[in-house]
Number of protein chains: 2
Amino acid sequence: MRVEKASSTKIKNTKQRELILNELRKLMSHPTAEELYKIVVKKNPKIGLCTIYRNLETFYKQGLVGKICTKPVRYDGDMSKHSHIRCTSCGKIGDIFFNVPINPVEIQKLGYKLQGYKIEITGLCSSCIKKQKREE
Amino acid sequence: MRVEKASSTKIKNTKQRELILNELRKLMSHPTAEELYKIVVKKNPKIGLCTIYRNLETFYKQGLVGKICTKPVRYDGDMSKHSHIRCTSCGKIGDIFFNVPINPVEIQKLGYKLQGYKIEITGLCSSCIKKQKREE
DNA sequence: AGATAAATGAAAATGATTCTCATTATCATT
DNA sequence: AATGATAATGAGAATCATTTTCATTTATCT
């Protein structure tokens, strides 16, 4: 008889979970939990904000959604390979589709096992560039 | 007569500021404000935690230190070009010295003005790899 | 259907960070 | 060195995103 490993808790499919994931996937933006809550609560007025928080984290751990560690945290329903650019002036986050070659072997040499990587580019978005010019 | 732009407030050199920056630069780690506070307060017992927070943000905006947007936020006294790898198991952050070519022109095409970029690599550090194997 | 385990909702708790404001320190000038 | 202007400090309160707790509900398995 041997001791089992800590049980991998089985995730249950609830209506809330489905609703949250669907609504996030519909969006082209990168909403915060709060922002997504405001959308979701229209379809299910009984849902609680903490359910959004909980499920977004679960989705992220399952690899179903992306997470952008700004403050507040933002989530991304689009899992295609892309990077983000954040405007340092207004905070807006845009998508950038281009590849950066990261070599897993290089990482292995350093003693790490590569799991993923994220590139966060910072810059000024077009509307903030215009705004800045007007102020000069 | 023309209206001047909002004054660029002059930064004053205080003993606290100097102490905080020096201590951060001595470290090879990526401390949180709290962690740095514990070091700094030994040399200046009257210093307040909020002074650490304030100055770290100021240093970051001045481009004197790096900022790693984990939670809690971590700062980096080493401004040489490098990336970070964060262990998804223990949270430890290591330095990785390798270059990723980001082309400012590509970013410009998308309407943005490139300011900087960060690569955050996630993986398992060597000690967490060992730990995982032991548990299997 | 009944048992089991996980998810929910509500409210409270947490924890990092930021704000306020009275006081103090710095810096450029007299 | 004294002055005046302005920025920084320290203390505590406030904020805000996020997480925890716990009683209840729901999903899934047999």
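Every chain is numbered from 1, with letters handed out A, B, ... down the list of sequences. It should be emphasised that the depicted structure is a prediction, and the values quoted were computed from it without experimental measurement.
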Asker: Is there a side-chain polar atom (N or O) of A/T14 under 4.0 Å from OP1 or OP2 of C/dA6?
Answerer: no
Asker: C/dC19 P sits how many Å from B/E57 CD, rounded?
Answerer: 10 Å
Asker: When you check the side-chain N and O atoms of B/Y75 and B/E57, is any donor under 3.5 Å from an acceptor?
Answerer: yes
Asker: Are any of A/T51's side-chain N or O atoms less than 4.0 Å away from OP1 or OP2 of C/dG9?
Answerer: yes
Asker: Check for me, please, whether A/I93 and B/L110 land in the same ILVMFWY cluster - side-chain distances under 4.5 Å, paths through other members count.
Answerer: no
Asker: Whole-Å distance between D/dT24 P and A/Q16 CD?
Answerer: 18 Å
Asker: Could you check B/Y75 against A/R54 and say which one's nearest nucleotide on DNA chain C is further toward the 5' end?
Answerer: A/R54
Asker: From D/dG10, D/dT20, C/dT17, pick the nucleotide closest to the side chain of B/L49?
Answerer: C/dT17
Asker: What is the separation between atom NZ on B/K12 and atom P on C/dT23, rounded to the nearest whole Å?
Answerer: 18 Å
Asker: Could you tell me how far apart A/Y37 (OH) and D/dT18 (P) are, to the nearest whole angstrom?
Answerer: 15 Å
Asker: B/I11 CD1 to C/dT26 C1': how many Å, rounded?
Answerer: 13 Å
Asker: Could one point to a donor on the side chain of B/K15 or the base of C/dA25 with an acceptor on the other under 3.5 Å away?
Answerer: no
Asker: Indicate whether the side chain of A/D78 and that of A/H30 have a donor and an acceptor atom separated by less than 3.5 Å.
Answerer: no
Asker: Judged by each residue's nearest nucleotide on DNA chain C, which is more toward the 5′ side, A/R17 or B/N13?
Answerer: A/R17
Asker: In whole Å, what is the span from the CD1 atom of A/I52 to the P atom of C/dT8?
Answerer: 9 Å
Asker: For A/Y37 and A/T32: C-alpha separation, side-chain torsions, deciding distance, then whether side-chain contact (heavy atoms from CB on, under 4.5 Å) applies.
Answerer: CA-CA 8 Å; A/Y37 169 72; A/T32 63; over 6 Å; no
Asker: In this structure, which one of A/Q16, A/K15, A/E23 forms a side-chain contact (heavy atoms from CB on, under 4.5 Å) with A/L19?
Answerer: A/E23
Asker: What is the separation between atom CG on A/L56 and atom P on C/dA7, rounded to the nearest whole Å?
Answerer: 14 Å
Asker: Taking OP1 and OP2 of D/dT9, is either one under 4.0 Å from a side-chain nitrogen or oxygen of B/N55?
Answerer: yes
Asker: Which whole-number value in Å describes the distance from A/K10 NZ to C/dT4 P?
Answerer: 14 Å
Asker: Is A/Y53 close enough to D/dT19 that one of its side-chain N or O atoms is under 4.0 Å from OP1 or OP2 there?
Answerer: no
